[in-house]
Number of protein chains: 2
Amino acid sequence: MGVAERKAKEKEELRNHILAAAMRLFAEKGVDNVTIRNIADAAEYSVGTVYVYFKDKSAILHALHTQGFSDLRSRFQILTYVADPMERLKASGHVYVQFAVENPHMYQLMFSVADPIDHVECAPDGKWHEGQSTFNFLRDMVQACVDAGHFSGHQPVALAYLIWGAVHGICSLSIMKRASVTELNNPVGEGLTEFLRMLDRL
Amino acid sequence: MGVAERKAKEKEELRNHILAAAMRLFAEKGVDNVTIRNIADAAEYSVGTVYVYFKDKSAILHALHTQGFSDLRSRFQILTYVADPMERLKASGHVYVQFAVENPHMYQLMFSVADPIDHVECAPDGKWHEGQSTFNFLRDMVQACVDAGHFSGHQPVALAYLIWGAVHGICSLSIMKRASVTELNNPVGEGLTEFLRMLDRL
DNA sequence: TTAGATTTTGAACAATGTTCAAAATTTGCG
DNA sequence: CGCAAATTTTGAACATTGTTCAAAATCTAA
């Protein structure tokens, strides 16, 4: 059945081709300014073909956001080589913030757009694996810090959520253009510095 | 000129009438699910009339978000009576979180939707007064804490931004349905507890 | 009363997500 | 190769959105 195989591969290739075109447009123009017709044009296929490979626009946005989490996780992967858990945790803060600042549109899609989660909720599984595995990585790092004697008096999982929230918050406010009121030159960087200084004392 | 006065009052009343209808729909269905036609229907006027009183949809969303900030600030007002600055700061965290949890759609509009800021940027002034005055309130509270001997080694404005970001982050992740992966019963409440515990030690 | 000003209307337009019958292409077989 | 069936691709068509604007309806003032 060599033909069936080749066909399957071609289908997958075209799907990726459309996705790549969507990603290009999207990184440049942001979620709100990409249309299905844009994507079809960029991929050099018709609108109908896009709908053969993706159920609807939410499916495309979900696929893109999945790539974003994949990218973020691969950046975290490097941190495995930082032995001290507290140093690893702080370094991951820098990695996270850098990812957000470098990919604001992707960051917005990953955390401030309803579509990807709506798509997940309608799936048979219903679980948000992208977010789950990323949070687990953070939770385990925090637990390693606790095991190393840090964060006494804190509840590890809740603390992990707070850490995520804090770093997310300073990125999100900046990306959503709410940080200008601080009149800081680099609110994200300075905010992170303050947070890491706090963590260091625990 | 009694007539001109009455006319002016009637214009303002109709504007508020439309806004009130928009607010009702919006609090119930969220930003993404309210259309101009919905608003016109709810206000019992035609689509065209809505456009007489508001330049475009962004103007409506901006007006709504302004009411949200007005509500939030009036909640903060009560805290003026908490004498100890550290207690005041912590109480304001609870007030902020409660506001967000009680008004998720409004919170989303205030911090995770581009429209209000776009509208501000196109205005003659160009400054985001709603956010500015709210941040100033927080900045002054943090400064009062510094004056009372807290937060040594921290930069007040950057710290204020971090505090805002942290509390915003735990609210935002929850409201945008990204917090389910923590498997915490009450991620917002537990996250805030962790944060206030951290602040207490500084 | 009535002419002019003001307010309100809703049909019409462009842009969007989505569908689907038909056209174009590819496959499998005699 | 030739050709029918299966597959893939197409783009016209539909519903819904934000938005505009000439006309209708209403109100004002003399």
Side-chain angles (χ1 to χ4, degrees), chain A residues 1-22 25-26 28-65 109 113-116 118-119 122, chain B residues 1-22 25-26 29-65 109 113-119 122:
Chain A
M1 287 291 125
V3 174
E5 262 178 56
R6 197 201 59 201
K7 281 263 184 178
K9 182 177 281 184
E10 277 177 6
K11 279 199 91 161
E12 174 133 0
E13 271 172 13
L14 181 45
R15 196 188 136 97
N16 287 335
H17 172 74
I18 293 171
L19 214 49
L25 284 176
F26 166 79
E28 186 194 341
K29 305 161 66 143
V31 212
D32 298 332
N33 299 312
V34 175
T35 72
I36 303 281
R37 283 173 181 80
N38 282 347
I39 294 172
D41 284 355
E44 300 192 290
Y45 276 85
S46 73
V47 182
T49 304
V50 174
Y51 277 89
V52 171
Y53 292 86
F54 296 93
K55 184 180 155 290
D56 54 22
K57 197 179 183 183
S58 281
I60 299 178
L61 295 182
H62 178 267
L64 289 178
H65 118 290
L109 178 64
V113 169
D115 275 305
D118 290 348
H119 187 264
C122 293
Chain B
M1 290 287 124
V3 173
E5 263 179 56
R6 197 201 57 199
K7 282 262 182 176
K9 181 176 284 185
E10 277 177 4
K11 278 199 90 160
E12 174 132 1
E13 271 173 12
L14 181 45
R15 196 188 136 96
N16 287 335
H17 172 75
I18 293 170
L19 215 48
L25 283 176
F26 166 80
K29 305 161 67 145
V31 212
D32 298 332
N33 299 312
V34 175
T35 72
I36 304 280
R37 284 172 181 80
N38 281 348
I39 295 171
D41 284 355
E44 300 191 291
Y45 275 85
S46 74
V47 181
T49 304
V50 174
Y51 276 89
V52 171
Y53 291 87
F54 296 93
K55 185 181 156 289
D56 54 21
K57 197 179 182 182
S58 282
I60 299 178
L61 295 181
H62 178 267
L64 289 178
H65 117 291
L109 178 64
V113 170
D115 275 303
I117 295 295
D118 291 347
H119 186 264
C122 294

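Only this structure's heavy atoms are used, side chains among them; waters, hydrogens and symmetry mates stay out. Chain identifiers are assigned alphabetically (A, B, ...) following the order of the sequence lines, protein sequences preceding nucleic acid strands; residue numbering begins at 1 within each chain.
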Atom [atom1] of [X] and atom [atom2] of [N]: how far apart are they, to the nearest Å?
X: B:Ile18; N: C:dT7; atom1: CD1; atom2: C1'; value: 12 Å
X: A:Asn33; N: C:dA15; atom1: CG; atom2: P; value: 14 Å
X: A:Glu44; N: D:dT8; atom1: CD; atom2: P; value: 20 Å
X: B:Lys11; N: C:dT7; atom1: NZ; atom2: C1'; value: 9 Å
X: B:Leu14; N: C:dT8; atom1: CG; atom2: C1'; value: 10 Å

Return the minimal non-hydrogen interatomic distance between [X] and [Y], and the atom names on each side.
X: B:Pro116; Y: B:Leu61; answer: CG-O, 4.4 Å
X: A:Val34; Y: A:Lys57; answer: O-NZ, 2.8 Å
X: A:Leu64; Y: A:Leu19; answer: CD2-O, 3.9 Å
X: A:Arg15; Y: A:Tyr53; answer: NH1-O, 3.2 Å
X: B:Ala21; Y: B:Ile39; answer: CB-O, 4.3 Å

Would you mind classifying the nucleic acid contact of B:Tyr53 as base, sugar-phosphate or nothing, using non-hydrogen atoms under 4.0 angstrom?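 If one applies the 4.0 Å heavy-atom cut-off, B:Tyr53 turns out to touch the sugar-phosphate alone, with no base involved.
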
So A:Ile60, base contact, sugar-phosphate only, or nothing? Heavy-atom distance under 4.0 Å.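 Counting heavy atoms under 4.0 Å across all strands, no contact is made by A:Ile60.
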
What string of B, S and - do you get for nucleotides 13-24 of chain D, 5' to 3', if B is base contact, S is sugar-phosphate-only contact and - is no contact with any protein heavy atom under 4.0 Å? B---BBBBB---

Residues two or more places apart in sequence or in another chain: which of them pass side-chain hydrogen bond (donor to acceptor under 3.5 Å, both in side chains) with B:His62? none

